[in-house]
Amino acid sequence: MKKQYNILQLVTLKFILIIIVLILNYSHAQALCAKDHITVFPFSKTISSNSIFILDFSESYYKMKDALSHCKFYAINTKGNRFTNLEIQTNYSGICGQIIFTPTKKFKFGDTISIKLIYDSLCDLKKMDKISNFLKTKFWKVEIKTDRVKPVWSTDTFAYEILDYTYWSDASYAIIFKPKIIDNTFSSYNSNTSIPYYFEINLDGNTFICSSESSSPQIYTGDCGSNFFLGRNKTYKSTIRAIDGSGNYSVSRKFEFFTSEKDYPRHLINEK
């Protein structure tokens, strides 16, 4: 009897560990459960003098595609005496939107930087206020000099796994991949000052950038948001590029995966 009880304990512990791993892997996707989801990368407070920034939000709520022509973003040091123009690139995929900011000139070493949003009255003021107030709480310190070195892939292929939870109450289907790269910031600086890296995924004509900071990079469709809409019983071919925190791109790699033959709940199906 005692032996059976110990086996039950082990099974229960294994189940708990699986749940914990799922929660960690889906941290970004779960955040999207909020209809007004918004976040900004990097999470790290340390940046290089040519750092990029990525504003990630629910496009279905903010509708920035329409509002962007009435907005202007600047990087500003906390003393308020240096404004830096930001070039912008946009991604709209699934229900998500992204604005990638690239400074037009280098930040001054030692400065603390924030992003300022200016918008006119033709915008939805309540939603723009929400974005503006969110950005006002984010600050980054320039502690790494200009980085122009491109990241490189450390292996010819990378592993991935499929998590199929289309029949859970919060249905989801995700392809989680684990690419390995080599970048100079990992060896040139200690762990407290290394800058993050991202992965740009191009799939079905849409582009989305996943951060390595929040969870394992993933392509997902689910109740809590979708960065791509996936169909069932299909082979998908995509390309992926690694991007370091300074906006240096690796060469692209092809990535192919096959989705389940199971019938998805109707709201997860994107028939093409």
With a 4.5 Å cut-off on side-chain heavy atoms, are [Y] and [X] touching?
X: Tyr198; Y: Asp244; answer: no
X: Leu230; Y: Tyr220; answer: no
X: Ile99; Y: Met64; answer: yes
X: Ile201; Y: Ile219; answer: yes
X: Thr39; Y: Phe57; answer: no
X: Val251; Y: Val152; answer: no
X: Lys234; Y: Phe258; answer: no
X: Ile88; Y: Leu68; answer: yes

So how far is it from [X] [atom1] to [Y] [atom2], rounded to the nearest 0.5 Å?
X: Leu86; Y: Ile52; atom1: CG; atom2: CD1; result: 11.5 Å
X: Ser60; Y: Asp36; atom1: OG; atom2: CG; result: 10.0 Å
X: Ile54; Y: Ile209; atom1: CD1; atom2: CD1; result: 4.5 Å
X: Ser226; Y: Phe208; atom1: OG; atom2: CZ; result: 10.5 Å
X: Leu55; Y: Ile38; atom1: CG; atom2: CD1; result: 4.5 Å
X: Ile95; Y: His37; atom1: CD1; atom2: NE2; result: 8.5 Å

Quick one, Lys65 with Tyr92, criterion side-chain contact (heavy atoms from CB on, under 4.5 Å). Give me CA distance, side-chain angles, the key distance, then yes/no. CA-CA 8 Å; Lys65 186 182 290 187; Tyr92 300 102; 3.5 Å; yes

Flag, side chain of [X] to backbone of [Y], donor-acceptor distance under 3.5 Å:
X: Thr259; Y: Gly231; result: yes
X: Ser238; Y: Phe255; result: yes
X: Asn227; Y: Ser93; result: no

Please check if Ile76 and Ile131 belong to a single hydrophobic cluster, counting links between Ile, Leu, Val, Met, Phe, Trp and Tyr side chain heavy atoms closer than 4.5 Å. no

Checking ring pair (Phe, Tyr, Trp, His ring centres under 6.0 Å) against Phe257, which of Tyr236, Tyr173, Phe228, Phe177 comes through?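 Result for ring pair (Phe, Tyr, Trp, His ring centres under 6.0 Å) with Phe257: Tyr236.
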
Tell me which donor-acceptor pairs under 3.5 Å the side chains of residues 115-129 have, and how far apart each pair is, sequence neighbours excluded?
residue: Tyr119; atom: OH; partner: Asp129; partner atom: OD1; Å: 2.1
residue: Asp120; atom: OD1; partner: Leu122; partner atom: N; Å: 2.9
residue: Asp120; atom: OD2; partner: His70; partner atom: ND1; Å: 3.2
residue: Asp124; atom: OD1; partner: Lys126; partner atom: N; Å: 3.2
residue: Asp124; atom: OD1; partner: Lys127; partner atom: N; Å: 3.3
residue: Lys127; atom: NZ; partner: Tyr61; partner atom: O; Å: 2.7

Can you see which heavy atom on [X] is nearest to which on [Y], and at what distance?
X: Asn248; Y: Lys150; result: CB-CA, 3.9 Å
X: Asn133; Y: Thr137; result: O-CG2, 3.4 Å
X: Ser252; Y: Trp153; result: C-NE1, 4.4 Å

Let me see the working for Arg241 and Ser250 under side-chain contact (heavy atoms from CB on, under 4.5 Å), right down to the final yes or no. CA-CA 6 Å; Arg241 292 193 296 174; Ser250 73; 4.2 Å; yes

Taking only residues at least two apart or on different chains, which pairs with a member in residues 82-104 satisfy salt bridge (charged side-chain N to carboxylate O under 4.0 Å, His left out)?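 For residues 82-104: Arg82-Asp111.
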
If you look only at pairs with a residue in residues 93-108, which of them pass as a salt bridge (charged side-chain N to carboxylate O under 4.0 Å, His left out), with sequence neighbours excluded?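 As it turns out, there is no salt bridge (charged side-chain N to carboxylate O under 4.0 Å, His left out) pair with a partner in residues 93-108 once direct neighbours are skipped.
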
Looking only at side chains, do Thr207 and Asn91 share a donor and an acceptor under 3.5 Å apart?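 The answer is no; no qualifying pair exists.
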
Between Ser246 and Ser48: side-chain donor-acceptor atoms closer than 3.5 Å: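 Yes.
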
Phe199 and Tyr197 aromatic ring geometry - parallel, tilted or perpendicular at 30°/60° bounds: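 Geometry flag for Phe199 against Tyr197: perpendicular rings.
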
I would like to know whether Ile113 and Val142 meet side-chain contact (heavy atoms from CB on, under 4.5 Å); could you show each step before the answer? CA-CA 8 Å; Ile113 303 296; Val142 184; 3.8 Å; yes

Those residues that, when tested against Tyr74, pass ring-ring contact (aromatic ring centres under 6.0 Å, His included) (two or more places apart):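 Result, ring-ring contact (aromatic ring centres under 6.0 Å, His included) vs Tyr74: Phe83.
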
Could you list the residues that satisfy ring-ring contact (aromatic ring centres under 6.0 Å, His included) with Phe53, not counting sequence neighbours?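 Per chain and number, Phe53 pairs via ring-ring contact (aromatic ring centres under 6.0 Å, His included) with Trp140.
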
Checking Ile100 against Thr90 for the side-chain contact (heavy atoms from CB on, under 4.5 Å) test, could you report, in this order, the C-alpha distance in whole Å, the side-chain angles of both residues, the deciding distance, and whether it holds? CA-CA 6 Å; Ile100 299 90; Thr90 56; over 6 Å; no

Quick check on side-chain contact (heavy atoms from CB on, under 4.5 Å): which of Ile144, Asp147, Thr146 does Ser49 satisfy it with? Thr146

Salt bridge (charged side-chain N to carboxylate O under 4.0 Å, His left out) with Lys63: which residues, sequence neighbours excluded? none

